[in-house]
S.K.: 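Submitted below is the structure of interest, expressed as structure tokens.
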Protein chains: 2
Amino acid sequence: MIMGRKPSNRPTSFDIAYRAGVSQPTVSRALRGSRSVSAATRERIEAIARELNYSVDKNASSLRSQRSNTIALLFFEEQTLDDSKINPFFLAMLGAITRQCANRGLDLLISFQKLEDDWHVRYQDSHRADGLILLGYGDYTLYRSRLQQLVGQGTDFVRWGSVNDENLGATVGSDNVGAGRMAGEHLLGLGRRRIAFLGQADEHYPEFADRYRGLCEALGAAGIAPDPALLRNAISLEDEGYAAVRALLADGTAFDAVFAASDLIAIGAMRALAEAGLSIPGDVAVMGFDDIPAASMTNPPLTTVMQDLKGAGERLVETLMAQIEDRQRPAETLPARLVIRRSTTG
Amino acid sequence: MIMGRKPSNRPTSFDIAYRAGVSQPTVSRALRGSRSVSAATRERIEAIARELNYSVDKNASSLRSQRSNTIALLFFEEQTLDDSKINPFFLAMLGAITRQCANRGLDLLISFQKLEDDWHVRYQDSHRADGLILLGYGDYTLYRSRLQQLVGQGTDFVRWGSVNDENLGATVGSDNVGAGRMAGEHLLGLGRRRIAFLGQADEHYPEFADRYRGLCEALGAAGIAPDPALLRNAISLEDEGYAAVRALLADGTAFDAVFAASDLIAIGAMRALAEAGLSIPGDVAVMGFDDIPAASMTNPPLTTVMQDLKGAGERLVETLMAQIEDRQRPAETLPARLVIRRSTTG
DNA sequence: AACCGCCATGCAATCGAATGCGGGCCCACC
DNA sequence: GGTGGGCCCGCATTCGATTGCATGGCGGTT
């Protein structure tokens, strides 16, 4: 293959040095702000660099310093989805992460992975990135082995997820238990007593499990025992919410509220309820989780739980950088808050 | 600042060479598939590389070859928006682009920029990326000067937008004129005659202008002269669509259909219509453009125009790579198609 | 048997910046 | 006046892979 290498007159640090009448290392030091360069020299060098439109060669710099100042953001999903079906919640988080990286002068590499691929290697190995941020809803038991490998090979990474005690790398996540409790209290406060939970609340989906646990705490505090018939599996897809509600209706299980583990599930649930001729929230109140953009556009608009995306982006990047610099950071939990709309309050 | 440089026993190509009993350059050649290495030695080297978990150092490789095999994707917006308000259409395109990059073994850097920042330099300069993909809805007249600078400094880039004859870099875009015509024909076919266009159709937003032109062509073919009172400015925000419809209603301008230049505008328009007690599509049919995820969740679901995201991602990457390798590529236009939902057909 | 040519590989230079170490210079202090 | 100590800066090396050119060996041809 012909690699048309273009003639480039890019100035190097040697060119700057020549014009400034100093040595190349001095240029390097001056531009990185080393204090072993006098202010006068530094300013002269900076002026020339600006004039020549010089910018440090990232590859040479990274090679020598063994620091790429780049982090890789890996999304993964259980299977390859249609592009338009990428989890909107993670896309929203992308904005927060890019902003935080920009603030810190970090470059951000991005990649979508299938859970079963071996995305877990190669990134830090090849010095493309100093560390990884992992985002994804997927069966946790499947991807635990990848995490273990990452830990084993000493890769620096942070993941978004349930903050548990497994200690598989650094973790940042919402306070899902607290959020579940809030949701429960909201529905109970509206007089609902038979609250169906839609989401696979087990070791495969620890975040969902946490949300369910919070709901149970709220029920317990109100003196209500959780009814297993009201717990329905669903992963974060619209169709799963639809199917779960259809099943509930087919069973004849009585319920006056639905707490879905994600907005996508909730939206599917609302569709099934509407088809069944049930009014929302008259017959059944519906809540979701995530506050994706579509949540405010449903009919009626969806009450949901908003996670702190901005904080999440900041914490993820901060925790990762701390780990890279060998300053350990404990797992972090971020508070979430209710967004009350008409799907519960009519 | 202490840069905790970790002791790393990463194997280098020298280690592989030593074990294989060959020289280091031979390892390099073997792993890149040079045909000047015998099959036997290549296989031996590959086996050892696999065993040692070797991966090529990206920085060293890029430094020497002057090729990073990385492209940078720059989103820009007119102003910094709330993270959750990032244009959903571009986020969807992100999926297509990442996939295409993965197929070609390219890394993807991503960054969000304000239109007024000087994002236009530094990326190719610093050898972080071989080329740029530019995505954004913004005032074209503002960002033309950036494009000119990019062209001037010889940066390789492709932008998504209106395919015009300005020749400011390579361009890939939907056939907006054709799509606008289709939309017009659809509405005309439903008996609508007074079609309001919501979108700033001028040199600031060439894509919107193209869509409007297509609409006018359809009107012309039906023997209808476009009414300037039915052309209303709006940029791609929900509030702008809302305001535009409010203005139309306040004017007393008669209209039986709305063709919004984007789904966000259409969603705002529907809100204004609903508030005014008008039925959709009974009183007013509404169409959008983009087919963002929320389009199917509005009430009623929104008829819109779906752009070919997968094709777009492929073409953008392909065109960019062609340009990097000095094989010029003409601008490309992709067909779009109607997605008919109940906001026009009831 | 001498010679040509090609295949496979090695040698050494190279990409551009970062960094350990040594040294000149100036000032202060004894 | 000699000496010690900072402050600034230069020299030489280094990071790890790629690449132009040289070379050794082997088979084939006349």
Side-chain angles (χ1 to χ4, degrees), chain A residues 1-18 20-45 48-49 52-69 124-128 130, chain B residues 1-18 20-45 49 52-70 124-128 130:
Chain A
M1 179 157 61
I2 297 170
M3 290 294 192
R5 175 143 152 218
K6 310 200 173 171
S8 125
N9 293 6
R10 258 182 95 265
T12 71
S13 55
F14 284 94
D15 298 320
I16 314 283
Y18 178 75
V22 297
S23 71
Q24 176 269 329
T26 298
V27 172
S28 173
R29 283 190 265 255
L31 295 178
R32 332 190 69 238
S34 157
R35 61 200 166 78
S36 74
V37 173
S38 70
T41 323
R42 168 165 45 249
E43 280 158 23
R44 187 155 37 95
I45 290 173
I48 296 174
L52 294 190
N53 227 308
Y54 170 77
S55 65
V56 175
D57 185 297
K58 191 90 188 311
N59 300 127
S61 168
S62 299
L63 172 59
R64 181 60 232 253
S65 65
Q66 303 287 50
R67 268 291 218 114
S68 62
N69 285 308
Q124 200 175 36
D125 263 23
S126 59
H127 283 226
R128 300 142 113 121
D130 297 330
Chain B
M1 180 160 54
I2 296 170
M3 290 296 190
R5 176 145 150 216
K6 311 202 169 168
S8 124
N9 293 7
R10 256 182 96 263
T12 71
S13 53
F14 284 94
D15 299 320
I16 312 283
Y18 178 75
V22 297
S23 72
Q24 177 269 332
T26 299
V27 172
S28 173
R29 283 190 265 256
L31 295 178
R32 333 190 67 239
S34 158
R35 62 201 166 77
S36 73
V37 174
S38 71
T41 44
R42 166 164 49 247
E43 280 158 23
R44 189 155 36 96
I45 288 172
L52 295 189
N53 226 308
Y54 169 79
S55 65
V56 175
D57 185 298
K58 191 90 188 313
N59 299 127
S61 168
S62 299
L63 172 60
R64 181 61 232 252
S65 66
Q66 303 288 52
R67 266 291 216 114
S68 62
N69 285 307
T70 299
Q124 199 175 36
D125 263 23
S126 58
H127 284 208
R128 302 142 114 117
D130 297 331

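To find a chain, count down the sequence lines: A is the first, B the second, and so on, and within it residues start at 1.
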S.K.: Check whether any side-chain heavy atom of Asp15(B) sits under 4.5 Å from a side-chain heavy atom of Arg10(B), and report yes or no.
M.R.: no
S.K.: Under 4.0 Å between a side-chain N or O of Ser13(A) and OP1 or OP2 of dA17(C)?
M.R.: yes
S.K.: Between the side-chain atoms of Arg64(A) and the base atoms of dA18(C), is any donor-acceptor pair under 3.5 Å?
M.R.: yes
S.K.: Excluding sequence neighbours, so at least two apart, what forms side chain to side chain contact (heavy atoms under 4.5 Å, CB included) with Tyr18(B)?
M.R.: none
S.K.: Which part of the nucleic acid does Thr12(A) contact within heavy-atom distance under 4.0 Å: base, sugar-phosphate only, or nothing?
M.R.: sugar-phosphate
S.K.: Between the protein and nucleotides 23-26 of chain D, list every N/O to N/O distance that falls short of 3.5 Å.
M.R.:
none

S.K.: Taking the side chain as every heavy atom from C-beta outward, state whether Ser36(B) and Arg29(B) have any atom pair closer than 4.5 Å.
M.R.: yes
S.K.: Drop me the distance from Leu63(A)'s CG to His127(A)'s NE2, to the nearest 0.5 angstrom.
M.R.: 9.0 Å
S.K.: Considering only heavy atoms from C-beta outward, does the side chain of Thr70(B) approach that of Lys58(B) to under 4.5 Å?
M.R.: yes
S.K.: Rounded to the Å, how far apart are Asp15(A) CG and dA17(C) C1'?
M.R.: 13 Å
S.K.: May I have the distance from Arg67(B) (atom CZ) to dG16(D) (atom P), rounded to whole angstrom?
M.R.: 24 Å
S.K.: Where the side chain of Ser38(A) is defined as all heavy atoms beyond and including C-beta, which of dG16(C), dC8(D), dT18(D) is the nearest nucleotide?
M.R.: dC8(D)
S.K.: What residues, two or more places apart in sequence or in another chain, satisfy side chain to side chain contact (heavy atoms under 4.5 Å, CB included) together with Asp130(B)?
M.R.: Arg67(B), Ser68(B), Ile324(B)
S.K.: Just jot down the side chain to side chain contact (heavy atoms under 4.5 Å, CB included) partners of Ala20(B), sequence neighbours excluded, or say none.
M.R.: Val22(B), Arg44(B), Ile45(B), Ile48(B)
S.K.: State whether Tyr54(B) places a side-chain N or O below 4.0 Å from either non-bridging phosphate oxygen (OP1 or OP2) of dA17(D).
M.R.: yes
S.K.: With a 4.0 Å cut-off on heavy atoms, is Ser62(B) in touch with a base, just the backbone sugar-phosphate, or nothing at all?
M.R.: nothing
S.K.: Rounded to the nearest angstrom, tell me the gap between atom CG in Asn59(A) and atom P in dA17(D).
M.R.: 14 Å
S.K.: Please evaluate residues Arg64(A) and Asn59(B) with respect to the criterion side-chain contact (heavy atoms from CB on, under 4.5 Å), reporting the C-alpha separation (whole Å), side-chain torsions for both, the decisive distance (0.1 Å), and the verdict.
M.R.: CA-CA 9 Å; Arg64(A) 181 60 232 253; Asn59(B) 299 127; over 6 Å; no
S.K.: To the nearest angstrom, how far is Ile45(B) atom CD1 from dA8(C) atom C1'?
M.R.: 11 Å
S.K.: Considering only side-chain heavy atoms of Ser65(B), which listed nucleotide, dT19(D), dG16(C), dA17(D), is closest?
M.R.: dT19(D)
S.K.: Please list, in numerical order, the residues of residues 22-29 of chain A that have a heavy atom closer than 4.0 Å to any atom of DNA chain D.
M.R.: Val22(A), Ser23(A), Pro25(A), Thr26(A), Arg29(A)
S.K.: Rounded to the Å, how far apart are Gln66(A) CD and dC15(D) P?
M.R.: 8 Å
S.K.: Atom CZ of Arg10(B) and atom P of dG16(D): how far apart are they, to the nearest Å?
M.R.: 7 Å
S.K.: Would the distance check show the side chain of Arg32(B) and the main-chain N or O of Val27(B) forming a donor-acceptor pair, the cut-off being under 3.5 Å?
M.R.: no
S.K.: To the nearest Å, give me how far apart OH (Tyr18(A)) and P (dC9(D)) are.
M.R.: 19 Å
S.K.: Tell me every residue that passes side chain to side chain contact (heavy atoms under 4.5 Å, CB included) with Arg42(B), counting only those two or more places apart in sequence or in another chain.
M.R.: Ala30(B), Val37(B), Glu46(B)
S.K.: Between C1' on dT9(C) and CZ on Arg35(B), what's the gap in Å once rounded to a whole number?
M.R.: 15 Å
